[in-house]
Amino acid sequence: MSNYPIPDSATLVRMYEKMELIRLNDERAHKVVKTGRIVMPYYSPRGQEVIPSAISVNLTEEDYICTIYRGTHDMLAKGVPPKLLWAELAGRVTGTCKGKGGPMHITHPETGVMVTTGVVGSSMPIANGLAWASQLSGDDRVTIANFGDGAANIGAFHESLNLAALWKLPVVFVCQNNRYAEHTTFANSTAVDRIGDRAASYAMPGITVDGNDPEAMYGAAKIAIDRAKAGEGPTLIEAMTYRFNGHLLGDDGHYMDKEERQKAIDADPVARLRARLISDGVLSEADADKISADITAQLDEAIAFALDSDFPTLDELRRDVFATELA
Amino acid sequence: MSNYPIPDSATLVRMYEKMELIRLNDERAHKVVKTGRIVMPYYSPRGQEVIPSAISVNLTEEDYICTIYRGTHDMLAKGVPPKLLWAELAGRVTGTCKGKGGPMHITHPETGVMVTTGVVGSSMPIANGLAWASQLSGDDRVTIANFGDGAANIGAFHESLNLAALWKLPVVFVCQNNRYAEHTTFANSTAVDRIGDRAASYAMPGITVDGNDPEAMYGAAKIAIDRAKAGEGPTLIEAMTYRFNGHLLGDDGHYMDKEERQKAIDADPVARLRARLISDGVLSEADADKISADITAQLDEAIAFALDSDFPTLDELRRDVFATELA
Amino acid sequence: MTEKMTIAQALNLALDDAMAEDPKVVMLGEDLADNEEGGVMGVTKGLSTKYGKRVRSTPISEQAIMGAAIGASLVGYKPVAEIMLMNFTTVAMDMIVNHAAKLRFMSGGQTHVPIVIRTMTGAGFSVGGQHSDYLEAWFAHTAGIKVVAPANAAEAYGLLLSSIDDPDPVLFIENMPSYWTPGPAPTRGERIPLGKARIAREGKDLTIVSYSRMANEALAAAEALAEDGVDTEVIDLRTIAPWDQDTVIASVKKTGRLLTVHEATKPFGVGSEIAAVVNEALFGDLKAPVKRLGGAFCAVPFSKPLEDAFAPNAQGIAAEVRSMLSLDPVD
Amino acid sequence: MTEKMTIAQALNLALDDAMAEDPKVVMLGEDLADNEEGGVMGVTKGLSTKYGKRVRSTPISEQAIMGAAIGASLVGYKPVAEIMLMNFTTVAMDMIVNHAAKLRFMSGGQTHVPIVIRTMTGAGFSVGGQHSDYLEAWFAHTAGIKVVAPANAAEAYGLLLSSIDDPDPVLFIENMPSYWTPGPAPTRGERIPLGKARIAREGKDLTIVSYSRMANEALAAAEALAEDGVDTEVIDLRTIAPWDQDTVIASVKKTGRLLTVHEATKPFGVGSEIAAVVNEALFGDLKAPVKRLGGAFCAVPFSKPLEDAFAPNAQGIAAEVRSMLSLDPVD
Ligand SMILES: Cc1ncc(C[n+]2csc(CCOP(=O)(O)OP(=O)(O)O)c2C)c(N)n1
Ligand SMILES: Cc1ncc(C[n+]2csc(CCOP(=O)(O)OP(=O)(O)O)c2C)c(N)n1
Ligand SMILES: [Mg+2]
Ligand SMILES: [Mg+2]
């Protein structure tokens with residue numbers, strides 16, 4: 001990985017801004033749900049902030065991503081406005097999907113968030129289709145397919161990687177290996193040590209990378225994205241990370257390995273990057289604080305907007321089933 | 001492969017007998033269908049005789065196999081009586097399945113043929129279950145899951161191999177790579193050069209072997225079966241072979257590479273083994289002829305039995321749906 | 001019996017009793033074992049500790065789960081496989097429909113598939129479009145598989161034991177939002193036969209046929225209606241396929257009116273079959289058209305007001321009954 | 001028009017015309033391209049040669065096929081995906097039901113999935129239990145996807161063009177045994193609107209509602225019955241979901257009698273929905289109970305006499321009609 005592309009300082013700052021947004025957004029989500037202001041299943045991406053941040057700085061708004069129920073980090077990094085996101089989480093008509101999709105089904109084509117799925121493994125086959133469209137039209141877009149380590153054991157993974165490799169689709173498969181699938185450890189679900197090695201089954205490059213290391217993750221993402229855009233086909237990235245929380249809010253994750261978990265939390269990638277940007281002189285404490293304060297203000301506004309918005313009316317049950325409203 | 005187990009002469013003769021049975025049976029199937037005496041979709045296994053023969057001499061009647069629509073070779077090698085097989089192909093009540101299953105769904109538990117499926121990839125998940133039962137009961141059986149090269153690209157393949165490896169199931173996955181999936185070449189459907197290499201995705205041993213070489217195939221099968229019986233878990237065998245005919249009877253395979261096909265036919269493994277057994281002095285010409293004659297007589301009898309048998313009566317539509325006959 | 005128990009507890013007890021009784025009962029599914037917390041809802045808690053390797057957590061591989069269950073069942077085991085949510089049966093439909101349901105027939109009776117597929121579902125949990133569907137009509141339309149959906153704890157226990165006993169594949173549907181609803185405790189060991197409906201409430205004016213959580217909504221509606229002097233008979237189907245035509249027809253013969261209620265979307269739903277059969281059997285004897293209530297014809301929406309409006313409820317059921325009896329609506 | 005064409009030819013022509021008209025129409029499926037013989041039935045022959053990479057053969061990976069179609073459709077393409085046989089939809093149900101059918105709703109209308117899923121099926125081909133099922137009831141029960149099943153060549157052409165035009169996902173069911181049955185040739189470019197049934201034969205005594213190959217069996221039955229003076233109206237539904245309730249109800253209102261016929265197994269089938277709706281709409285106006293014919297309740301058997309007895313046929317339909325009219329049976 002020594003000749004991986006390296007992000008410059010400005011890029012690192014952009015990454016940090018995204019990471020801090022994800023972190024603070026997650027903090028809010030915990031609060032809002034715990035205080036009962038919003039009822040939703042919430043899958044915290046805490047600990048996985050680097051991955052989508054490093055990816056997104058290598059993307060344009062036109063590029064596509066597909067993600068999963070644990071996806072607020074992917075969405076925010078890609079640029080989904082917090083207002084629209086929060087309104088959707090709150091089930092309001094002002095949300096991305098008029099409240100009809102909810103946390104597991106955020107779509108926001110304007111920022112390229114094309115599908116969020118709640119079915120494990122299903123982001124990958126659809127990502128191929130988006131990439132196929134780009135290949136057909138020659139529009140130079142890349143598609144990112146996000147999924148978890150648990151998803152790497154379901155059939156759709158296999159079919160998707162084979163087809164993508166065969167058709168040389170401009171897609172990047174990003175396995176966010178947070179070591180758990182619900183309550184099941186990676187080792188108890190997966191017969192191989194590294195998901196990245198499975199790329200060999202498709203004659204596709206496979207990269208297992210420290211997904212919590214900003215430089216390494218940036219480099220891996222850039223290589224894969226450049227490759228896709230150059231028409232050289234797909235890449236499988238296994239981004240090693242760690243799920244700080246239980247599977248979803250309400251699950252305290254007490255079954256997780258305590259020591260391992262503490263180690264991960266102690267190595268919080270957001271705090272680490274902040275500290276480094278400061279110690280490297282890229283940001284001052286004040287700069288960093290201002291980033292956080294601005295985000296906090298943005299989130300305040302977003303959540304207020306969401307909670308102040310109306311719920312959809314019942315005729316929405318008849319709309320968007322088909323193009324024509326049901327009778 | 002130099003230290004692979006090698007079959008002794010007696011074993012080679014047993015293999016040859018099975019291969020000759022498969023070859024002659026196939027010859028009959030072509031005739032019977034072409035003359036319209038039986039209407040059925042017939043998927044010739046011609047060219048793939050070595051694989052199940054080499055496997056079966058390493059199995060007992062108690063061991064299980066799962067196979068696919070292209071499976072008469074697997075069934076005959078495992079010991080399904082030709083009478084019962086032919087009666088089923090003819091849709092007669094005397095068939096293995098009372099005529100209700102037909103060529104794609106032969107079951108014959110007495111000889112361990114547990115499932116024949118017409119859905120690509122579906123032999124594998126069920127084979128795991130049979131192997132799981134053996135693991136639970138400690139009955140020392142092995143299960144063979146047969147499937148084609150095309151099937152190695154479907155989701156069930158991936159899920160099955162991962163689970164088998166994780167649970168160390170006594171199962172052997174046998175990919176009969178005959179280079180075609182219907183009209184699609186191996187290269188046009190599969191992103192990797194060797195299916196055997198996909199075993200690495202499951203930390204499982206993978207063997208790509210010349211499936212038309214009796215010794216090599218015997219050795220590969222024996223290693224995998226011994227491994228399974230020793231409780232060491234599954235193996236993936238990719239047995240390289242060639243489909244002499246089109247996908248099914250009626251398809252002349254004119255889209256196949258002519259030269260490659262001719263080469264395969266010229267290297268007919270049945271004729272080759274016969275010649276070798278004679279030249280090695282294991283069999284005399286007369287011995288070999290007698291084997292063929294005995295099989296011919298057996299097949300004559302089987303086909304006559306089948307065609308003389310009754311069709312099932314219509315009340316069979318209400319039977320075997322549930323344990324209790326429908327009203 | 002005044003003892004109370006939740007559905008989750010009753011299911012756990014049934015699984016425990018079945019495993020204790022018959023060493024051939026085995027279990028598999030995602031997160032089932034105690035190492036993984038005994039199921040995401042805790043329904044299987046304690047069982048792997050008690051029965052060891054007979055209870056296995058699996059990777060997220062529903063085809064492999066179903067295949068393993070089918071294969072083991074062919075040679076004498078009685079696997080209880082969990083597909084966590086009913087919407088995920090979609091990734092294992094080949095195994096369920098083309099194999100589990102057909103192998104007895106296609107083998108001419110040589111093999112059979114005595115498995116139970118436990119799965120949960122139901123709107124009301126804010127989990128949206130891909131986690132809430134009732135898909136029982138698909139399986140009811142499939143020859144060779146039975147479909148069971150209990151409405152309370154005692155029912156869940158007795159029906160699950162019978163499903164495990166059954167020599168054929170059974171899809172066993174659990175309602176997610178009511179796992180922790182306390183209800184009558186079962187009598188240990190007591191089976192409830194498959195294919196027999198339960199008359200949950202006797203009445204003479206109108207028959208409601210329902211199952212799963214909706215049977216309880218129907219009962220609540222009936223209680224409310226009783227205050228207005230409307231005497232509703234409520235039938236909990238229990239087994240959706242094959243369903244108890246005799247009990248339903250006898251009831252509607254008596255009341256002259258039928259309303260079917262389920263959470264699954266109405267068109268082409270289970271209610272349509274019941275309506276078709278009853279209309280045919282009691283042609284000319286009905287006092288009013290057969291009516292059907294079902295979920296809205298859309299994916300289950302996330303937004304709370306929409307989700308609340310999606311499935312029928314006691315109030316809507318009562319209103320429908322009143323309208324069938326040409327009574328004035330109540331606000 | 002006296003010109004004849006087979007259904008296979010009509011489908012090929014429709015695909016060709018659609019691709020020529022709209023560069024956003026693309027195709028994918030197993031063996032579709034000419035390098036792979038233009039489909040196992042030759043339905044797509046010539047198209048890859050003519051349209052290049054817009055027609056792609058795929059590996060045997062139905063989830064990947066459907067996913068690719070869905071993804072491309074989200075951003076402006078109009079993919080026609082082939083799932084070779086209807087029974088293989090079972091390996092792609094998640095993509096079809098949880099995604100294709102739901103994305104418009106779950107995205108609040110931001111995206112939609114204008115795909116066509118072509119698939120073939122039907123008993124009579126001696127291919128047995130895993131290759132012959134009609135599963136249309138499953139999809140009709142699913143909000144967000146349309147279901148279309150043509151009965152002859154002209155219909156196949158016009159309905160396929162409309163299905164490709166349609167902004168929503170359409171499951172398009174082709175009857176395998178009648179691919180080569182010649183029938184009326186279509187008029188080039190002429191669409192047949194979705195959701196509108198065809199009155200294939202007018203009559204006054206009884207209405208038969210059917211679709212796909214069974215509509216032709218119903219017509220044959222009607223011709224035979226006409227010789228005995230029975231005047232049967234035959235409605236070919238064409239679109240199974242959403243179905244043309246107005247046309248069916250108007251017809252039954254006129255005839256007073258309804259028989260539904262499909263090849264899919266009868267319980268919980270499409271006929272049940274039609275029966276339920278018509279019974280409700282015409283309560284008290286029917287002259288006889290609504291009857292339904294469907295395939296036997298079992299897997300499609302291989303053995304020829306059983307397979308022949310599996311699905312309804314003209315003779316059985318005519319017998320049922322006579323019995324509904326209380327006429328003596330004919331031998
Ligand atoms: C097909 C399917 N099976 C099961 C589930 C239930 N489920 C939801 S999340 C999850 C764990 C997924 O783990 P992983 O892929 O590692 O993603 P993570 O949640 O860790 O981000 C499971 C089993 C599902 N959503 N879809
Ligand atoms: C899930 C599924 N998709 C498609 C088919 C149609 N089909 C039948 S055989 C076949 C080719 C299979 O090729 P391969 O696995 O190589 O086996 P072979 O026929 O060569 O023995 C296909 C596509 C099927 N039976 N099942
Ligand atoms: Mg994970
Ligand atoms: Mg092959």
Side-chain angles (χ1 to χ4, degrees), chain A residues 64 66 88 93 95-102 104-110 114-119 121-137 139 141 143 154-156 158-164 166-167 169 171 312 316-317 319-324 326-327, chain D residues 23-24 26 28 52-54 56-77 79 81 91-95 97-115 142-146 166-170 194-195 241-242 245:
Chain A
Y64 301 130
C66 293
E88 188 63 27
V93 72
T96 48
C97 314
K98 301 194 239 169
K100 296 163 88 166
M104 292 207 246
H105 306 299
I106 307 278
T107 298
H108 192 249
E110 277 161 63
M114 300 310 293
V115 172
T116 299
T117 181
V119 184
S122 299
S123 58
M124 293 172 266
I126 299 180
N128 274 348
L130 293 160
W132 182 36
S134 295
Q135 187 182 63
L136 281 162
S137 67
D139 69 9
R141 283 172 158 121
T143 299
I154 202 163
H158 181 63
E159 295 189 13
S160 302
L161 270 70
N162 186 59
L163 188 78
L166 206 61
W167 288 12
L169 295 176
V171 57
E316 286 297 341
L317 291 171
R319 295 208 191 114
D320 306 321
V321 177
F322 292 118
T324 313
L326 296 180
Chain D
K24 291 295 190 182
V26 291
L28 77 170
K53 282 279 183 181
R54 286 169 60 200
R56 294 207 71 155
S57 290
T58 67
I60 308 171
S61 308
E62 280 80 3
Q63 296 190 67
I65 293 171
M66 287 312 313
I70 293 169
S73 82
L74 293 175
V75 291
Y77 283 88
V91 290
M93 285 301 275
D94 167 53
M95 282 292 131
V97 170
N98 289 328
H99 294 89
K102 291 180 178 172
L103 285 177
R104 183 191 282 276
F105 187 86
M106 295 196 310
S107 74
Q110 293 175 99
T111 59
H112 63 123
V113 182
I115 63 171
T142 303
I145 183 165
K146 299 180 180 178
D166 201 87
D168 287 302
V170 176
L194 301 192
Q245 301 195 10

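Order of the sequence lines sets the chain letters (A, B, ...), proteins ahead of strands, with each chain counted from 1.
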**Student:** Looking at A:Lys100 and A:Arg319, would you say the former's side chain and the latter's main chain have a donor-acceptor pair under 3.5 Å?
**Tutor:** yes

**Student:** Measuring heavy-atom distances to chain D, does A:His108 have an atom under 4.5 Å in its side chain, in its backbone, in both, or in neither?
**Tutor:** both

**Student:** Please classify the contact of D:Ser107 with chain A as side chain, backbone, both or neither, using a heavy-atom distance under 4.5 Å.
**Tutor:** both

**Student:** Does any backbone or side-chain atom of A:Ser134 lie under 4.5 Å from a heavy atom of chain D? Answer side chain, backbone, both or neither.
**Tutor:** neither

**Student:** Between CG of A:Leu169 and CG of A:Asn128, what distance do you get to the nearest 0.5 Å?
**Tutor:** 5.0 Å

**Student:** Can you tell which part of D:Lys102 gets under 4.5 Å to a heavy atom of chain A, answering side chain, backbone, both or neither?
**Tutor:** neither

**Student:** With chain A as the partner, which of D:Pro167, D:Pro59, D:Ala64 has the greatest number of non-hydrogen pairs under 4.5 Å?
**Tutor:** D:Ala64

**Student:** Whether the side chain of D:Gln110 engages the backbone of D:Arg104 through a donor-acceptor N/O pair (distance < 3.5 Å, no angle test) should be reported.
**Tutor:** no

**Student:** Under a 4.5 Å heavy-atom cut-off, does chain D meet the side chain of A:Val119, its backbone, both or neither?
**Tutor:** side chain

**Student:** Can a donor-acceptor pair be found, under 3.5 Å and without considering hydrogens, that links the side chain of A:Thr116 to the backbone of A:Ile106?
**Tutor:** yes

**Student:** Let me know if A:Glu316 has heavy atoms under 4.5 Å from chain D in its side chain, its backbone, both or neither.
**Tutor:** backbone

**Student:** Measure distances from D:Met95 to the heavy atoms of chain A and classify the residue's part below 4.5 Å as side chain, backbone, both or neither.
**Tutor:** side chain

**Student:** Checking heavy atoms, do the side chain of D:His112, its backbone, both or neither come under 4.5 Å from chain A?
**Tutor:** neither

**Student:** Tell me, side chain or backbone of A:Val93 under 4.5 Å from chain D's heavy atoms, or both, or neither?
**Tutor:** neither

**Student:** D:Leu74 versus chain A, heavy atoms under 4.5 Å apart: side chain, backbone, both or neither?
**Tutor:** both

**Student:** How many angstroms lie between atom CG of A:Leu136 and atom CZ of D:Arg56, to the nearest 0.5 angstrom?
**Tutor:** 8.0 Å

